[in-house]
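One structure is given below, encoded as structure tokens.
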Amino acid sequence: MSDLDIQIPTAFDPFADANAEDSGAGTKEYVYIRIQQRNGRKSLTTVQGLKKEFSYNKILKDLKEFCCNGTVVQDPELGQVIQLQGDQRKNVSTFLVQAGIVKDNIKIHGF
């Protein structure tokens, strides 16, 4: 009874793969679009990994065309993150490609 392997489940971290260091040559800078469940039917879409030379507030203003509210949050580890109300993953990904902000290096996460 002394050699029991007990694994305690930990909290789910949706940003865990973004924090992992890729040490390969020629790695791409990805834009991560994630969804987080809030209460019941309510959800939150986050956009992380855009280049720093873009104006996040202007991108947010254009993303509000999808009938949602949003904000830009400053995170100490991840930098600036755009948060939008609702499930806007497809809308955001098509907008970023059509506007020429991102070519094809988008990773969409969620259920």
Side-chain angles (χ1 to χ4, degrees):
M1 228 81 195
S2 63
D3 293 332
L4 291 177
D5 291 332
I6 299 174
Q7 293 182 354
I8 299 172
T10 59
F12 175 70
D13 185 14
F15 295 102
D17 58 343
N19 294 336
E21 296 285 333
D22 292 335
S23 60
T27 58
K28 292 185 180 179
E29 293 291 327
Y30 287 103
V31 174
Y32 296 94
I33 301 173
R34 294 184 179 84
I35 187 168
Q36 296 175 352
Q37 192 69 36
R38 285 179 39 211
N39 301 347
R41 295 175 61 187
K42 305 211 183 279
S43 59
L44 182 73
T45 303
T46 59
V47 181
Q48 180 237 334
L50 294 172
K51 294 183 181 177
K52 295 184 180 191
E53 60 255 12
F54 291 121
S55 174
Y56 282 76
N57 290 325
K58 288 184 180 180
I59 293 173
L60 177 64
K61 185 177 178 182
D62 290 334
L63 289 175
K64 286 185 180 181
E65 293 176 1
F66 302 125
C67 298
C68 64
N69 201 2
T71 186
V72 177
V73 178
Q74 180 66 36
D75 189 78
E77 294 178 3
L78 304 174
Q80 290 186 333
V81 177
I82 297 176
Q83 292 181 345
L84 299 169
Q85 289 180 346
D87 185 3
Q88 306 293 334
R89 291 176 290 179
K90 288 186 179 181
N91 294 335
V92 171
S93 65
T94 56
F95 170 77
L96 292 176
V97 171
Q98 288 178 353
I101 297 172
V102 180
K103 298 210 187 305
D104 60 349
N105 48 356
I106 296 176
K107 288 193 176 184
I108 300 176
H109 299 278
F111 38 82

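Side chains included, hydrogens not; waters and symmetry mates left out as well; all remaining heavy atoms used.
Nearest heavy-atom pair across Y30 and I106 is CD2-N, 4.4 Å. Of all the heavy atoms in G70 and L84, the pair that sits closest is CA-CD2, 4.0 Å. Closest of all the heavy-atom pairs between V31 and G49 is CG2-O, 3.8 Å. In this structure, D75 and E77 approach most closely via the heavy-atom pair OD2-N, 3.1 Å.
Using a 4.5 Å cut-off on side-chain heavy atoms (C-beta onward), R34 and Q48 make contact. Looking only at side-chain heavy atoms (C-beta outward), F95 and I101 come within less than 4.5 Å of each other. In this structure the side chain of L50 reaches within 4.5 angstrom of the side chain of I82, judged on heavy atoms.
Partners of K64 by side chain to side chain contact (heavy atoms under 4.5 Å, CB included), not counting sequence neighbours, listed by chain and number: L60, N69. Applying the side chain to side chain contact (heavy atoms under 4.5 Å, CB included) test to T94 and every residue at least two apart in sequence or in another chain returns nothing. A search for side chain to side chain contact (heavy atoms under 4.5 Å, CB included) contacts involving K52 returns nothing, not counting sequence neighbours. Remark: R41 pairs with no residue by the side chain to side chain contact (heavy atoms under 4.5 Å, CB included) rule, at least two apart or across chains.
One finds the CD atom of Q80 at 7.5 Å from the CG atom of N57 (value rounded to the nearest 0.5 Å). From C68, atom SG reaches atom CD of Q83 across 12.0 Å, with rounding to the nearest 0.5 Å.
Here the side chain of T45 pairs a donor or acceptor atom with the backbone of G86 at under 3.5 angstrom.
V92 and V81 are assigned to two separate hydrophobic clusters, defined by single-linkage of ILVMFWY side chains at heavy-atom distances under 4.5 Å. Connection of I59 to I108 is established within a shared hydrophobic cluster, with ILVMFWY side chains joined at heavy-atom distances below 4.5 Å, either directly or through further cluster members. L96 and Y56 end up in the same hydrophobic cluster when Ile, Leu, Val, Met, Phe, Trp and Tyr side chains are linked at under 4.5 Å. Clustering ILVMFWY residues whenever any of their side-chain heavy atoms sit less than 4.5 angstrom apart, transitively, puts V72 in the very cluster that holds V102.
Residue pairs meeting the salt bridge (charged side-chain N to carboxylate O under 4.0 Å, His left out) criterion with at least one member in residues 89-102, sequence neighbours excluded, are D87-R89.
Apart from L44 itself, the hydrophobic cluster it occupies contains nothing, where clustering links Ile, Leu, Val, Met, Phe, Trp and Tyr at side-chain heavy-atom distances under 4.5 Å.
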